[in-house]
Q: 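Here it is, the structure in full.
Values reported hereafter were calculated over all heavy atoms of this structure, with side chains retained and with hydrogens, waters and symmetry mates removed. Letters A, B, ... mirror the listed sequences (proteins, then strands); counts begin at 1.
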Amino acid sequence: MGLTAAVIGVGGLGAPASLALARAGVERLILIDDDVVDRSNLHRQILFRDADVGRSKLDATVDSLRRAGLKTHLDPRPGRLTPANAAVIDGCDVILECSDNYATKFLAADVARLRGLPIVHGSAIRFIGTAFAVSGAGGPCYRCLFEDIPPGAQAGCDVAGVVGPICGVIGALQAHLALTAAYGTLISLDGLRDELRVRSIPARAGCALCGSSPTIDAIDAARYHPVEAEEN
Amino acid sequence: MAVIVRIPTPLRSLTGGNEEVHVEEAGTVSDVIDRLEVKHAGMKDRLLDDKGVRKFINIYVGEEDIRFLDGLRTAVKDGEQISIVPAIAGG
Ligand SMILES: [Zn+2]
């Protein structure tokens, strides 16, 4: 399959997603991350071993996929997707957004839309996770679902924790959605109830990114900060 | 009978940890939120701002996002399930 996928974040979601894509035979994986392996990652970041603690996640991911003998060409790109660094995804056919923070999720959504690239978003925290695939041709998009970045500090997996298998399921679903191009489909997993819900999300006409008169027509760094918290 | 509101994890601090709250005598989603506020003070502010439902929160009646129904005026019936779905980060 002559497909190039860019995986933003090779952590809890990016590891199973990368493995599934490589095993599915995608031609090239662009891997984007700036973090190092922490011991607390190991329960969910399935490509890493104890000996990888302290190493760059990219190096450890590349070594792990190479050990598996996969033919996929690996293209590690150290760094983060930032408003000034959208070129880090250059050359991909599809984006897998496996990041752990809202700013990157919204930025990736905007970059994908402005470049006309399909993107599959993934999130997981505690016992819940979601995967959502967006077409390169337009909405429904992530901003149809959530209009803007929540205010205040977020509780990420490092603080709130996440159940390892939830990440495994969501990361694998992201790879699946990228390969099946099931756009507009939101899959959510509630691990406490063992419920998997599949919803078809309609596009919102008033969406700032993909609606009939979009207001987001360029990447503006000021947009990727939390919206002002209301005073209480 | 009542409508059943599914409370997401970040808001369960307001419901004493309960993941479901039953709300009686509510005709619309707006009524449901008012009743929730009476039972669990602070809930309304977490869900709404002066323009309506906060931008990073979705409210579903059954399987339908209220933005595609009548918004806060969307009618609710006894036995129906209302889900509050905030954006989540983490990976
Ligand atoms: Zn949209």
Side-chain angles (χ1 to χ4, degrees), chain A residues 8-14 17 44 97-106 121-130 142-151 154-162 166-167 170-171 174 186 188 190 192-193 197 199-202 204 206 208 226-227 230 232, chain B residues 4-22 29 33 36-37 40-74 80-91:
Chain A
I8 301 174
V10 292
L13 301 171
R44 66 183 188 279
E97 183 274 294
C98 302
S99 75
D100 61 357
N101 67 91
Y102 295 118
T104 304
K105 290 178 187 298
F106 281 86
H121 295 278
S123 290
I125 196 158
R126 302 185 185 94
F127 299 94
I128 58 170
T130 60
Y142 191 70
R143 284 186 188 269
C144 288
L145 202 54
F146 299 110
E147 295 171 52
D148 212 341
I149 300 177
Q154 56 166 348
C157 292
D158 49 343
V159 177
V162 63
I166 299 280
C167 288
I170 297 297
Q174 283 183 269
L186 173 70
S188 34
D190 181 336
L192 279 183
R193 291 170 168 260
R197 295 175 100 181
R199 283 201 193 101
S200 203
I201 299 297
R204 249 180 345 103
V227 293
E230 304 278 314
N232 287 316
Chain B
I4 299 148
V5 185
R6 296 268 299 263
I7 308 293
T9 314
L11 299 184
R12 286 183 201 155
S13 55
L14 298 175
T15 63
N18 288 335
E19 59 182 272
E20 273 187 11
V21 174
H22 291 221
V29 172
I33 294 171
L36 276 178
E37 176 66 19
H40 306 289
M43 190 66 89
K44 190 168 186 170
D45 183 61
R46 300 289 292 273
L47 300 179
L48 307 181
D49 59 22
D50 51 9
K51 295 190 192 71
V53 180
R54 289 184 180 276
K55 289 183 168 183
F56 44 87
I57 286 183
N58 293 337
I59 298 178
Y60 289 83
V61 173
E63 293 294 315
E64 293 291 327
D65 184 334
I66 63 167
R67 289 179 298 179
F68 299 99
L69 300 170
D70 283 329
L72 290 169
R73 289 191 296 275
T74 300
E80 241 167 0
Q81 182 164 282
I82 297 184
S83 309
I84 298 166
V85 181
I88 59 169

Q: Check each of B:L72, B:V5, B:V53 against B:V29 using the side chain to side chain contact (heavy atoms under 4.5 Å, CB included) test, and report the only one that passes.
A: B:L72
Q: I'd like to verify something: which residue of A:A124, A:G122, A:C98, A:G12 has the highest number of heavy-atom pairs under 4.5 Å with chain B?
A: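 The residue among A:A124, A:G122, A:C98, A:G12 with the greatest pair count is A:A124.
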Q: Counting only non-hydrogen atoms closer than 4.5 Å, does B:P86 touch chain A with its backbone (N, CA, C, O), its side chain (CB onward), both, or neither?
A: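 The backbone, not the side chain.
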Q: What part of A:Y142 lies closer than 4.5 angstrom to a heavy atom of chain B: side chain, backbone, both or neither?
A: side chain
Q: Given that the side chain runs from C-beta out, which part of A:I201 has a heavy atom under 4.5 Å from chain B: side chain, backbone, both or neither?
A: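 The side chain, not the backbone.
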Q: Would you call B:E20 and A:R193 a salt bridge, using N to O less than 4.0 angstrom?
A: yes
Q: Let's test your reading of the structure: which of A:P202, A:S188, A:G11, A:G206 forms the most heavy-atom pairs below 4.5 Å with chain B?
A: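 The answer is A:P202.
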Q: What part of A:I166 lies closer than 4.5 angstrom to a heavy atom of chain B: side chain, backbone, both or neither?
A: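 Neither; nothing under 4.5 Å.
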Q: Kindly write out the residues that satisfy side chain to side chain donor-acceptor pair (under 3.5 Å) with A:E97, not counting sequence neighbours, or none if the list is empty.
A: A:S99, A:K105, A:H121
Q: Out of A:T130, A:L145, A:L192, A:V162, which one racks up the most heavy-atom pairs below 4.5 Å with chain B?
A: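 The residue among A:T130, A:L145, A:L192, A:V162 with the greatest pair count is A:L145.
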Q: So, using side chain to side chain donor-acceptor pair (under 3.5 Å) as the criterion, who are the partners of B:S83 when residues are at least two apart?
A: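 Residues passing side chain to side chain donor-acceptor pair (under 3.5 Å) with B:S83: none at all.
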Q: Let me know if A:R197 has heavy atoms under 4.5 Å from chain B in its side chain, its backbone, both or neither.
A: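 Contact with chain B involves the side chain of A:R197 alone.
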Q: Would you call B:R54-B:D45 a salt bridge at under 4.0 Å N-O?
A: yes
Q: Okay, side chain of A:R199, backbone of A:L186: is any donor-acceptor separation there less than 3.5 Å?
A: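 Pair absent, no side-chain N/O of A:R199 close to backbone of A:L186.
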